[in-house]
Amino acid sequence: MAMKFPFQIVTPEESLYEDEIERVTVPTGAGEITILARHTPIISTLVPGELRIQKDDTALPMAVGHGFVEVRDDGRVIILAGSAERVEDIDIEKAQAARDRAQMLMEKHEHVDDEQFAKFEGLLEKEIARIRVATKYERK
């Protein structure tokens, strides 16, 4: 039986998930990392992509946006994400429409400042990640 550790995902809207888990795979700015019990303490950036939680024999995939991941000295792992969504809650058509809107706004970049452009770019990355994760796990 694998060792477990306390894990939590927090977004600006809610504490989305909190439990004792065996493993979590996280998309970071330095690449994908898998965290197990007794992982070395770290703080890293979180980038839009797929986050996979493993508890017992159950895998829980999620789409996450920008944020941070922290592995604390006491073994607790906390994800602070601008957005996080269980794969079964992702509406692919709405995500595609949001992606298309973000692309359109970026294409009109001569009418926006650098801050607005970065915001649109972040939205685009988030929607692309949501679509990729939802499509990967889409029920056939």
Side-chain angles (χ1 to χ4, degrees):
M1 183 170 174
M3 292 182 59
K4 294 183 180 180
F5 58 90
F7 175 76
Q8 183 177 20
I9 299 175
V10 179
T11 69
E13 291 81 31
E14 64 183 324
S15 177
L16 183 65
Y17 184 92
E18 187 169 2
D19 205 349
E20 295 269 325
I21 66 169
E22 296 168 355
R23 171 175 67 234
V24 62
T25 301
V26 182
T28 73
E32 188 177 83
I33 63 170
T34 297
I35 300 167
L36 303 169
R38 298 184 181 166
H39 194 286
T40 302
I42 62 165
I43 295 177
S44 182
T45 57
L46 184 69
V47 297
E50 179 183 356
L51 178 140
R52 290 182 308 280
I53 299 167
Q54 184 71 39
K55 180 182 178 196
D56 303 323
D57 292 330
T58 303
L60 176 63
M62 296 182 155
V64 294
H66 290 280
F68 298 93
V69 56
E70 179 183 12
V71 179
R72 294 184 172 177
D73 289 333
D74 64 3
R76 181 174 189 79
V77 177
I78 299 174
I79 303 284
L80 300 173
S83 64
E85 193 171 8
R86 295 172 194 259
V87 71
E88 63 269 15
D89 295 335
I90 299 171
D91 183 322
I92 295 174
E93 289 180 12
K94 286 182 180 178
Q96 289 170 333
R99 176 203 56 201
D100 294 346
R101 279 191 306 275
Q103 284 176 326
M104 182 190 67
L105 292 168
M106 285 182 65
E107 289 169 3
K108 296 181 179 188
H109 69 275
E110 67 274 359
H111 301 293
V112 298
D113 60 30
D114 290 343
E115 186 177 327
Q116 288 175 315
F117 186 81
K119 177 182 173 185
F120 299 148
E121 186 175 43
L123 289 171
L124 179 62
E125 290 173 358
K126 179 182 106 173
E127 297 306 330
I128 289 171
R130 290 177 70 222
I131 294 164
R132 191 174 336 114
V133 173
T135 303
K136 179 179 177 180
Y137 294 96
E138 189 173 29
R139 292 189 176 100
K140 304 290 179 198

Shortest non-hydrogen contact between [X] and [Y], atoms and distance:
X: Gly82; Y: Pro12; value: O-CD, 3.4 Å
X: Pro48; Y: Glu125; value: CB-O, 3.7 Å
X: Ser44; Y: Thr28; value: OG-CB, 3.4 Å
X: Ala37; Y: Lys4; value: CB-O, 4.2 Å
X: Pro27; Y: Glu50; value: CD-O, 3.2 Å
X: Ile90; Y: Ala63; value: CD1-CB, 3.8 Å

Separation between NZ (Lys136) and CD1 (Ile131), nearest 0.5 Å, reads 15.5 Å
Exercise. CD of Gln103 to CG of Leu123: how many Å apart, nearest 0.5 Å?
Worked result: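 Going from the CD atom of Gln103 to the CG atom of Leu123 covers 12.0 Å.
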Check: Gln54 side chain, Asp56 main-chain N or O, donor-acceptor pair, under 3.5 Å
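Pair found, side chain donor or acceptor close to backbone of Asp56.
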Pair Glu85-Lys126, side chain to side chain contact (heavy atoms under 4.5 Å, CB included): steps then yes or no:
CA-CA 11 Å; Glu85 193 171 8; Lys126 179 182 106 173; over 6 Å; no
task = Let me know which of Glu70, Glu18, Glu20 forms a salt bridge (Lys or Arg N to Asp or Glu O under 4.0 Å) with Arg76.
result =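 Filter result, single survivor: Glu18.
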Item to complete: Please report the C-alpha distance between Met3 and Leu36 in whole Å, then the side-chain angles of each, then the deciding distance to 0.1 Å, and finally whether the side chain to side chain contact (heavy atoms under 4.5 Å, CB included) criterion is met.
Response: CA-CA 8 Å; Met3 292 182 59; Leu36 303 169; over 6 Å; no
Check your understanding: Just wondering, more than 12 heavy atoms not from Glu14 lying within 6.0 Å of its CD?
Key ->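 Enclosed.
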Residue Lys94 excluded, over 12 heavy atoms near NZ under 6.0 Å
no
Practice task
Could you give me the CA-CA distance, side-chain angles and deciding distance for Arg130 and Arg99, then say whether side chain to side chain contact (heavy atoms under 4.5 Å, CB included) is met?
Solution key: CA-CA 10 Å; Arg130 290 177 70 222; Arg99 176 203 56 201; over 6 Å; no
Note: with side-chain heavy atoms under 4.5 Å as the link, the other cluster members for Ile33 come out as Phe5, Phe7, Ile9, Leu16, Tyr17, Ile21, Val24, Val26, Ile35, Ile42, Leu46, Leu51, Ile53, Leu60, Met62, Val64, Val69, Val71, Val77, Ile79
- [ ] Go through the steps for Arg52 and Arg23 under the test side chain to side chain contact (heavy atoms under 4.5 Å, CB included), then give the verdict.
- [x] CA-CA 8 Å; Arg52 290 182 308 280; Arg23 171 175 67 234; over 6 Å; no
Less than 3.5 Å apart, any donor N or O on the side chain of Thr25 or Thr34 sitting next to an acceptor on the other?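 Note: Thr25 and Thr34 side chains meet the donor-acceptor criterion.
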